[in-house]
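Okay, structure first, notes after.
Only heavy atoms go into these numbers, but all of them, side chains included; no hydrogens, no water, no symmetry mates. Order of the sequence lines sets the chain letters (A, B, ...), proteins ahead of strands, with each chain counted from 1.
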2 protein chains.
Amino acid sequence: MARPRGSTSEITGQRLRAAALRLFARHGFAAVSMRQIAAGAGVQAGTLYLHFADKEDLLFDLLRSHMEDLIAAWDGQARPEGPLDRLREFVGFHLGRNRDHPDAVFLSYMELRNLGPANFARIESLRRDYEDRLSAILAEGEAAGVFACPDVKLATMAIIAMLNGVNTWYREGGRLTRERVGEIYWGMVRQAVAASGRA
Amino acid sequence: MARPRGSTSEITGQRLRAAALRLFARHGFAAVSMRQIAAGAGVQAGTLYLHFADKEDLLFDLLRSHMEDLIAAWDGQARPEGPLDRLREFVGFHLGRNRDHPDAVFLSYMELRNLGPANFARIESLRRDYEDRLSAILAEGEAAGVFACPDVKLATMAIIAMLNGVNTWYREGGRLTRERVGEIYWGMVRQAVAASGRA
DNA sequence: AAATTATCTGAACACCCGTTCACCTCAAGC
DNA sequence: GCTTGAGGTGAACGGGTGTTCAGATAATTT
């Protein structure tokens, strides 16, 4: 056998990406073999090397595209006026992204160590770019006297860590709906950086 | 050759634990071989099986002892009176533990998936025990009217995620000292659950 | 219809994996 | 000082690893 009917590079590539994302997120990069990924896409192991240079390149492709999509999605949506509304928008956006792409989010925080220095640096840079969006909102609010965080960078890291934490425990059909969780987290974030709370 | 001079089970066991902790935290459970761990302790691979039943048992041993030590350390220290001081104490305690045991903390959040169901459940149970300490403080403060978190469990998860986040970016000798970071985070935590901020 | 190119197979490569075990040596008890 | 067992070795087991590549077939171009 050889080339199946109706197979294109585009389709097979996407199937491989999907299978790899799923397996990496479930079992970890090192624990998943190229053969398992290939099988998940209904293909032989050798085929992987027509689409990716090697295993790390496959991981890098997943992380890079996830980060680029994330930034593009944020930049591409209309932003409300005023720091408070923008912060609320960011919290909702970030939680929504985490909800819709749990595997990619998990990977991008857990498997960075499996990248070589150059690839690592590129992903880190993208992550910083994204975090800077939040920092900018906080700085803007600070200047306007709406927020009072002692340190914008630390508040950025604290908020993102807090929001990412939701993915580790939230289960569909649990005690609280997504919307309710979003409201509660928004409340905590707002108070944490509020100017009224304390100087 | 066979038994080296002056070797005891106690000493070798601790060296193996230390080597495994270091390597698992750096490269991940699946990426580290038994031979690498043994080499890190200056011993052959076969020796590992005199101390641990298998690879998972070694991981479980590390996670269990870390969680038990954590809980024992918290329970063993004198607690100040009043929810606000207790919460401050918890934040300082947790950050201090994360600072002193970064590898174990990292492992206990990242490598749970490599445990079988029974071992997984035991670690999860220990983690819940620890988190319940924080929940109790928040509930106490809520009852006293000092705190106003819309949901105690969510506030617990949010605070722990926020504090754990520090380990992912803090580097010794950076812009801020540990103490300063602790103060700033304490400020954000306090405001996030403060009763004065909003109903 | 023929030639060419894109796509995939499946076997092979050298190497590493977790785990077991017969054997060996040191330390302690009689 | 001899025996006993705790502690460790190092080779071996079956099987899995990432990666390569000659060969085969489908789609496309000429």
Side-chain angles (χ1 to χ4, degrees), chain A residues 1-24 26-63 107 111 113-116 118-119, chain B residues 1-24 26-63 107 111 113-116 118-119:
Chain A
M1 307 135 216
R3 179 174 186 179
R5 292 161 216 231
S7 86
T8 71
S9 181
E10 180 81 22
I11 291 175
T12 305
Q14 286 309 320
R15 295 175 68 128
L16 286 172
R17 261 175 273 264
L21 181 61
R22 210 182 92 95
L23 288 167
F24 285 163
R26 280 221 208 315
H27 307 106
F29 177 76
V32 173
S33 75
M34 296 299 258
R35 275 167 255 260
Q36 288 173 341
I37 297 167
V43 117
Q44 290 297 111
T47 303
L48 272 162
Y49 293 86
L50 299 176
H51 298 265
F52 308 97
D54 51 28
K55 199 182 179 188
E56 181 191 328
D57 183 52
L58 170 50
L59 175 62
F60 177 68
D61 183 274
L62 294 174
L63 298 185
L107 268 199
E111 302 292 1
R113 62 180 162 195
N114 292 298
L115 296 177
N119 285 341
Chain B
M1 306 135 215
R3 179 175 186 179
R5 291 161 218 229
S7 85
T8 71
S9 180
E10 180 81 21
I11 292 174
T12 305
Q14 286 309 319
R15 294 175 69 132
L16 286 172
R17 261 175 274 262
L21 181 61
R22 208 182 93 94
L23 289 167
F24 285 163
R26 281 222 208 314
H27 307 105
F29 177 77
V32 172
S33 74
M34 295 300 258
R35 275 168 254 261
Q36 288 173 338
I37 297 168
V43 117
Q44 290 298 113
T47 303
L48 272 162
Y49 294 86
L50 301 176
H51 299 266
F52 308 97
D54 52 28
K55 199 183 179 188
E56 182 191 328
D57 183 52
L58 170 51
L59 175 63
F60 177 67
D61 184 275
L62 294 174
L63 298 184
L107 268 200
E111 302 292 359
R113 62 180 162 196
N114 292 297
L115 296 177
N119 285 340

Any heavy-atom pair between the side chains of B:L58 and B:L16 that's under 4.5 Å?
no
The side chain to side chain donor-acceptor pair (under 3.5 Å) partners of B:R15 (sequence neighbours excluded) come to none
Can you confirm whether A:L63 sits close enough to A:N119 that some side-chain heavy atom of one is under 4.5 Å from a side-chain heavy atom of the other?
no
Checking A:R22 now: which residues fulfil salt bridge (Lys or Arg N to Asp or Glu O under 4.0 Å) with it, not counting sequence neighbours?
none
Let me know the distance between CD1 of B:I11 and P of C:dC26, rounded to the nearest Å.
17 Å
Spacing of B:E56 atom CD relative to C:dG18 atom P, expressed in whole Å:
14 Å
In chain order, what residues pass the side-chain contact (heavy atoms from CB on, under 4.5 Å) check against A:A18, with sequence neighbours excluded?
none
Could you write out each protein N or O paired with an N or O of nucleotides 14-17 of chain C at a distance under 3.5 Å?
unit_1, atom_1, unit_2, atom_2, d
C:dC17, OP1, B:S33, OG, 3.1

Runs of at least three Watson-Crick or G-U pairs with DNA chain D, cut-off 3.5 Å:
C:1-30 with D:1-30
For A:R26, give me all partners under salt bridge (Lys or Arg N to Asp or Glu O under 4.0 Å), at least two apart in sequence or on another chain.
none
Nearest whole angstrom, please: distance from the P of C:dG18 to the CZ of B:F24.
9 Å
Tell me the interatomic distance from B:D57, atom CG, to C:dG18, atom C1', rounded to whole angstroms.
14 Å
Do any side-chain nitrogens or oxygens of A:T12 fall under 4.0 Å of OP1 or OP2 in C:dC8?
yes
Is a side-chain donor or acceptor of A:Q14 paired with a backbone partner of A:I11 at a separation under 3.5 angstrom?
no
Throw together a table of side-chain donor-acceptor distances under 3.5 angstrom for residues 38-55 of chain B, partners on residues two or more places apart or in other chains.
unit_1, atom_1, unit_2, atom_2, d
B:T47, OG1, B:Q44, O, 3.4
B:D54, OD1, B:E56, N, 3.4
B:D54, OD1, B:D57, N, 2.9
B:K55, NZ, B:F29, O, 3.0
B:K55, NZ, B:V32, O, 2.7

So which of residues 39-53 of chain B are in contact with DNA chain D, with a heavy-atom cut-off of under 4.0 Å?
B:V43, B:Q44, B:G46, B:T47, B:L50, B:H51
When rounded to the nearest 0.5 Å, the distance separating CG of A:L59 from CG of A:L115 is 5.0 Å
Nearest 0.5 Å, please: how far is CG in A:D61 from CZ in A:R17?
4.5 Å
